[in-house]
Amino acid sequence: MSVLRSVVRGVGSYLPKEVLTNADLTRMVDTTDEWIVERSGIRERHRAAPGEFTSDLAVAAARAALADAGLTPDDIDLVVVATATPDHTFPATATEVQGKLGITRGFAYDIQAVCTGFVYAITTVDAQIKAGLAKRALVIGAETFSRILDWSDRGTCVLFGDGAGAVVLEAVWSPGTLDDHGLLAAHLRADGRHWHKLYVDGGPSTTGVAGHLRMEGKEVFKHAVHNLAEVIDVLLAETGFTAADIDWFVPHQANRRIIDATGKKLGIDPAKIVLTVDRHGNTSAASVPLALDAAVHDGRVKKGDLVMLEAMGGGFTWGAALIRW
Ligand code: UT7
């Protein structure tokens, strides 16, 4: 019992009720179901109701994760929300979530790494757990991208959706081997030279309004496959695992073609890749925990399995994390 590991105690998610199909979008912009499915793999996505905020989605996912863990809000001493669509410019949505859950101890903050937000959050929370700053943390990815889309831009509005996913991480003393349960290793990267290839054209310090998402899709696509394969290769080399050792690959769900190309580059068996992009679209920081929740609760991910999480998004930011379930 020599090292502290961050072990996943529970997983939960929440999707808003409204489902927007590709057919619905053909009535809003000049697009077709065939184009969206062929270029992205997306068939439908969820959209938050008027008056339903990122913090509401996050709270619903957090409650589901707590129930899954058999814990209550009183057991939590850290709340982290990964989001690019906070309720307000400040305070952190995590404090609103903490308040709505009735948690009055510990600390709370947001992480802004866009689509990589959940991988950034789980990795930094792991470091804080290891440093003794928290014992049980709620790590949430929650987004309402429908609020920052330009609904007249067919190149972007068909790709994104709303949702939230959450995990409860708990500090557990472990032997310190790669057979331990919990987060075994992670790598985070950023390259700010590319910020303008995927960004929102507003903000408190520039325009004073939230703004709309702008993306050079082809550029993002190209960098995504290269960057994701590179960071996963680093993680495998560092831990001594091979692609064949991974039981479940839980990628960011931006585009089916990016997922397929990355899997192929790394030699990952397609049967081990968790896919939700067809049903959720790209939910940014919520996409990885939403996919994880699906694979855990349909029985695919089992105790002892090796699970690789990865994501890439605006900044550019990217990263990967390896968890023993
Ligand atoms: O979460 C991380 C961030 N995001 C991503 O990872 C997304 C990365 N990029 C992508 O997924 C892809 O680049 C897209 C799905 C965005 C686009 O696919 P593409 O194969 O790169 O298409 P494109 O942007 O080069 O567009 C091809 C054509 C264009 O027409 P022309 O110029 O060839 O005549 C577009 O105007 O498709 C047209 N187009 C559409 N047509 C029908 C663009 N959007 C649509 C649309 N419906 N919704």
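Note that ligands are numbered from 1 as they come in the structure, with each ligand's atoms numbered from 1 the same way.
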Geometric class of the Trp195/Tyr199 ring pair [parallel <30°, tilted 30-60°, perpendicular >60°]:
perpendicular
Sole candidate of Thr54, Thr283, Thr83, Asn282 that passes side-chain hydrogen bond (donor to acceptor under 3.5 Å, both in side chains) when paired with Glu143:
Thr83
Gap separating the CD atom of Glu230 from the CG atom of Leu266, nearest 0.5 angstrom
11.0 Å
Strictly by modelled atom types, are Ser55 and Thr93 linked by a side-chain donor-acceptor pair under 3.5 Å?
no
Residue pair Asp153 / His212, side-chain donor-acceptor N/O under 3.5 Å:
no
Kindly print each ligand 1 N/O atom paired with any protein N/O atom under 3.5 angstrom away, one pair per line, or none if nothing qualifies.
| residue | atom | partner | partner atom | Å |
| --- | --- | --- | --- | --- |
| ligand 1 | 1 (O) | His252 | NE2 | 2.8 |
| ligand 1 | 1 (O) | Asn282 | ND2 | 2.8 |
| ligand 1 | 9 (N) | Gly217 | O | 3.0 |
| ligand 1 | 11 (O) | Asn255 | ND2 | 2.6 |
| ligand 1 | 13 (O) | Gly217 | O | 3.2 |
| ligand 1 | 18 (O) | Arg257 | NH2 | 3.4 |
| ligand 1 | 20 (O) | Arg39 | NH1 | 2.8 |
| ligand 1 | 20 (O) | Arg257 | NH2 | 3.1 |
| ligand 1 | 21 (O) | Lys218 | NZ | 3.3 |
| ligand 1 | 22 (O) | Arg39 | NH1 | 3.2 |
| ligand 1 | 25 (O) | Lys218 | NZ | 2.9 |
| ligand 1 | 36 (O) | Arg154 | NH2 | 3.0 |
| ligand 1 | 37 (O) | Trp35 | NE1 | 3.1 |
| ligand 1 | 41 (N) | Trp35 | NE1 | 3.4 |
| ligand 1 | 47 (N) | Thr31 | OG1 | 2.6 |
| ligand 1 | 48 (N) | Thr31 | OG1 | 3.0 |
| ligand 1 | 48 (N) | Arg154 | O | 2.9 |

Does the side chain of Asp180 reach to within under 4.5 Å of the side chain of Thr177, using non-hydrogen atoms?
yes
